[in-house]
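Numbering of residues begins at 1 and proceeds along the displayed sequence. Everything quoted here is computed from the prediction, not taken from an experiment.
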Amino acid sequence: MSETTELPWPVPDTRFRHWAGRFEDMHDLVRDLVIPPGLPQPAESVLTTARELIRMSYYRYEFMMIGVATSIIAIETALSDRYGSRETLADHLKKPTPTD
């Protein structure tokens, strides 16, 4: 019979001590990262994942950068849905701003 090694329970990443003293403080940090109503489901899913990665960065600092990068994917996904195209974020950003 083979032994299984369980992973240890997560412990706070000491590099995050300046941002939050406790995991509960992470809720305040991401509170303003609101998912807009009417966002397409794929973009909502990616944005929710990004927000959770940022919250979990309390335990693994690198999750913060992954969360931010993931949020950019959510923006690209939402713009592609909005304009009905599969263009990159760079392509969307090159478009002229619509006037009202």
Side-chain angles (χ1 to χ4, degrees):
M1 193 168 23
S2 65
E3 284 188 44
T4 59
T5 305
E6 291 186 27
L7 295 173
W9 285 99
V11 295
D13 191 313
T14 58
R15 296 171 289 178
F16 216 87
R17 69 185 174 280
H18 301 293
W19 293 89
R22 304 170 306 139
F23 177 71
E24 291 79 13
D25 298 334
M26 295 302 290
H27 300 292
D28 294 333
L29 188 67
V30 300
R31 179 172 287 131
D32 292 334
L33 301 176
V34 177
I35 298 172
L39 195 64
Q41 193 282 326
E44 179 183 343
S45 176
V46 173
L47 197 54
T48 299
T49 300
R51 187 175 57 192
E52 288 305 301
L53 281 165
I54 292 170
R55 271 189 346 119
M56 292 299 148
S57 66
Y58 179 79
Y59 295 109
R60 185 67 182 183
Y61 190 76
E62 290 81 5
F63 286 175
M64 178 70 75
M65 282 62 75
I66 297 168
V68 170
T70 302
S71 69
I72 293 169
I73 294 168
I75 293 168
E76 183 177 79
T77 303
L79 288 172
S80 291
D81 183 78
R82 165 97 168 137
Y83 295 113
S85 67
R86 298 194 51 87
E87 295 176 297
T88 66
L89 180 58
D91 293 332
H92 288 300
L93 294 175
K94 290 175 189 172
K95 293 180 181 178
T97 305
T99 57
D100 293 312

Heavy-atom closest pair (His92 atom, Ser80 atom, distance to 0.1 Å) is NE2-OG, 3.2 Å
Is Arg60 close to Pro10 at the side-chain level, that is, under 4.5 Å between some pair of heavy atoms? no
Nearest-0.5 Å distance that lies between atom CD in Glu24 and atom CZ in Arg55: 10.0 Å
Transitive ILVMFWY side-chain link Ile75 to Ile35, under 4.5 Å: no
Is it the case that atom CZ in Arg82 sees more than 12 heavy atoms from other parts of the structure closer than 6.0 Å? no
Does one hydrophobic cluster hold both Tyr59 and Val30, with members joined at side-chain heavy-atom distances below 4.5 Å? yes
Take His27 and Arg22, measure what side chain to side chain contact (heavy atoms under 4.5 Å, CB included) needs, and give me the verdict at the end. CA-CA 10 Å; His27 300 292; Arg22 304 170 306 139; over 6 Å; no
Exercise: identify the closest heavy-atom pair between Arg51 and Leu33: NH1-O, 3.2 Å
Same cluster or not: are Leu39 and Ile72 linked, directly or through other Ile, Leu, Val, Met, Phe, Trp or Tyr residues, by side-chain heavy atoms under 4.5 angstrom apart? no
To check you understand the geometry: which heavy-atom pair defines the closest contact between Ala50 and Gly67, and what is its length? CB-O, 3.3 Å
Output for pair (Glu52 CD, Leu47 CG), nearest 0.5 Å, gives 11.0 Å
Give me the ring orientation class for Phe16 and Trp19: parallel if the planes are under 30° apart, tilted from 30 to 60°, perpendicular past 60°. tilted
According to a hydrophobic-cluster definition based on side-chain heavy atoms being under 4.5 Å apart (Ile, Leu, Val, Met, Phe, Trp, Tyr only), do Leu89 and Ile73 belong together? no
Find out whether Arg17 and Pro12 are in side-chain contact, i.e. whether some heavy atom of one side chain is under 4.5 Å from a heavy atom of the other. no
Kindly determine whether Lys95 and Glu87 satisfy side chain to side chain contact (heavy atoms under 4.5 Å, CB included), including the steps that lead there. CA-CA 11 Å; Lys95 293 180 181 178; Glu87 295 176 297; 2.7 Å; yes
Flag side-chain contact, heavy atom, 4.5 Å: Asp28 against Arg31: yes
Determine yes or no for a side-chain-to-main-chain donor-acceptor pair under 3.5 angstrom, with Tyr58 supplying the side chain and Gly21 the backbone. yes
Cluster link Ile66 to Phe23, ILVMFWY, side chain under 4.5 Å: yes
Taking all non-hydrogen atoms of both residues, which atom of Pro40 and which atom of Asp81 are closest, and how far apart? CG-OD2, 3.0 Å
Please list all pairs passing the side chain to side chain donor-acceptor pair (under 3.5 Å) test where one or both residues lie in residues 70-79, with sequence neighbours left out. none
Can you tell me how far OG1 of Thr49 sits from CD of Glu44, rounded to the nearest 0.5 angstrom? 10.5 Å
Decide yes or no for Met26 and Ser57: does some side-chain heavy atom of the first lie under 4.5 Å from some side-chain heavy atom of the second? yes
